[in-house]
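A quick write-up on the structure given underneath.
Remember, predicted model here, so these are calculated numbers, not experimental data.
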Amino acid sequence: NMTIQETANKKYSIITDAEKKLTDGLKSSEKEIFNKVLAILQKLAQKEGKLTKETINNKFLNTLTKQVLRVIRKSTLQSRIEDFLPNFEKIEKLNSSMYAGITGSAFTPKIKAEISTYRKITIENIVNNLLGESQLKANYINPIRDILFEGVALKQNVKAVEVKLSKYIKGNKTKAGQFSRYTTQIVMDSINQHDGQINDIARDAFQLDGFMYVGSLIKTSRDNCEHLVGSTGKFKDLQVRKGMYRVEDIPKIIRRLKKGKGSGWNPSTTPATFAQYRGGYGCRHQIIYVPLPITYRKLNNKIK
């Protein structure tokens, strides 16, 4: 038996541990991708250490795409994705137990079927985004091609082009490589959004009229999340108590959220999808719906 906060912490722990296992092996894949692309760069026509003008056509792009795709598909990524997927059901079980404690009612077969449908769609999207050719070309491979195109068009120094490719593919001390960042964002946003979908489904099914905004604050936490967790700033007047709000005030909260550059705002956020997108892309906080009024005693008691 766990409190609401303990359940939220458990979900966070499952998600972060799963993320670490998934991303640990991506560095070696990025090195292999870089070596393949470097071999292609070195085969381009050059003179006195600079690239010379030549036509980089569709045949060249197809060769680049095939070689990078081959490395990705031969890597451990697919097996790591398969190992990651059972975490969706772990999150579902924790939510089911938590809402049984909050409402006194178990998830009905209809609720479970709706959650299962969302899970299947989410998992299909993960696989398509991380292993599908068109998605990888658009989100990862085409920028590699563009670096090579620019190098040829401007007759750039081969070493300078190599540095650009290394920064994009492998990253540096302060920034992860693009493949690691892309993979992590796709997978982590997906599982966090699925957790949010379950919460939004529970809100509607049990007609819950309050919510808690929970999770730890770290140095990189956005202002929006900091103020929602602490009920400070622009959200202070809407609090039921610290970190707790009324569902009816969600439209007001959304209107008050900063939506400019750097806010991480997800334009798909609506009152109906609020728990799914929360503080924006990459947000690790959770929205848990509760009935109002809810007593401190109930919050602190163990729930099944």
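Under the 3.5 Å distance criterion, the side-chain polar atoms of Ser75 are matched with a main-chain donor or acceptor of Ile72. A donor-acceptor pair under 3.5 Å is formed between the side chain of Thr273 and the backbone N or O of Thr270. Formation of a donor-acceptor pair under 3.5 Å by the Thr103 side chain with backbone atoms of Phe206 is not found in this model.
Side-chain contact of Gln178 with Arg181: a donor-acceptor pair under 3.5 Å is present, judged by distance alone. Side-chain N/O atoms of Tyr213 and Ser231 include no donor and acceptor closer than 3.5 Å. Side chains of Asp200 and Gln276: a donor-acceptor N/O pair is present below 3.5 angstrom, by distance only.
Taking a cutoff of 4.0 Å between a charged side-chain nitrogen and a carboxylate oxygen, Lys164 and Glu150 qualify as a salt bridge. In this structure, Asp83 does not pair ionically with Arg80, as no charged nitrogen and carboxylate oxygen lie closer than 4.0 Å. Between Asp237 and Lys252 there is no salt bridge, since no side-chain nitrogen of the basic residue lies less than 4.0 Å from a carboxylate oxygen of the acidic one.
Considering Lys175, Lys27, Glu30 as possible partners of Ser180, the one that fulfils the side-chain hydrogen bond (donor to acceptor under 3.5 Å, both in side chains) test is Glu30.
Linking ILVMFWY side-chain heavy atoms closer than 4.5 Å, directly or via other members, places Val229 and Tyr281 in two distinct hydrophobic clusters. Taken together through direct or relayed side-chain contacts under 4.5 Å among Ile, Leu, Val, Met, Phe, Trp and Tyr, Phe149 and Val152 form part of one hydrophobic cluster. A single hydrophobic cluster is not seen to contain both Leu257 and Tyr277; linkage of ILVMFWY side chains at heavy-atom distances under 4.5 Å, directly or through other members, places them apart.
Every residue was checked against the salt bridge (charged side-chain N to carboxylate O under 4.0 Å, His left out) condition with Arg278, not counting sequence neighbours, and none meets it. Applying the salt bridge (charged side-chain N to carboxylate O under 4.0 Å, His left out) rule to Asp189 yields no partners; only residues at least two apart in sequence or on another chain are considered. With sequence neighbours left out, the salt bridge (charged side-chain N to carboxylate O under 4.0 Å, His left out) criterion links Lys43 to no other residue. Residues passing the salt bridge (charged side-chain N to carboxylate O under 4.0 Å, His left out) test with Glu92, sequence neighbours excluded: Arg119.
Contact detail for Ile102 and Pro291: the closest heavy-atom pair is CG2-CD, 3.5 Å. Across Phe107 and Ile111, no two heavy atoms sit closer than the pair CG-CG2, 3.8 Å.
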Pair up each side-chain donor or acceptor in residues 125-132 with any protein partner under 3.5 Å, not counting sequence neighbours, and list the distances.
| residue | atom | partner | partner atom | Å |
| --- | --- | --- | --- | --- |
| Asn125 | ND2 | Ile121 | O | 3.4 |
| Asn128 | ND2 | Glu124 | O | 3.3 |
| Asn129 | ND2 | Asn125 | O | 3.0 |

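Note that CD1 of Ile141 is 11.0 Å distant from CD of Gln67, once rounded to the nearest 0.5 Å.
Identified under the ring-ring contact (aromatic ring centres under 6.0 Å, His included) test for residues 112-142, with sequence neighbours left out: Tyr140-Tyr168, Tyr140-Phe179.
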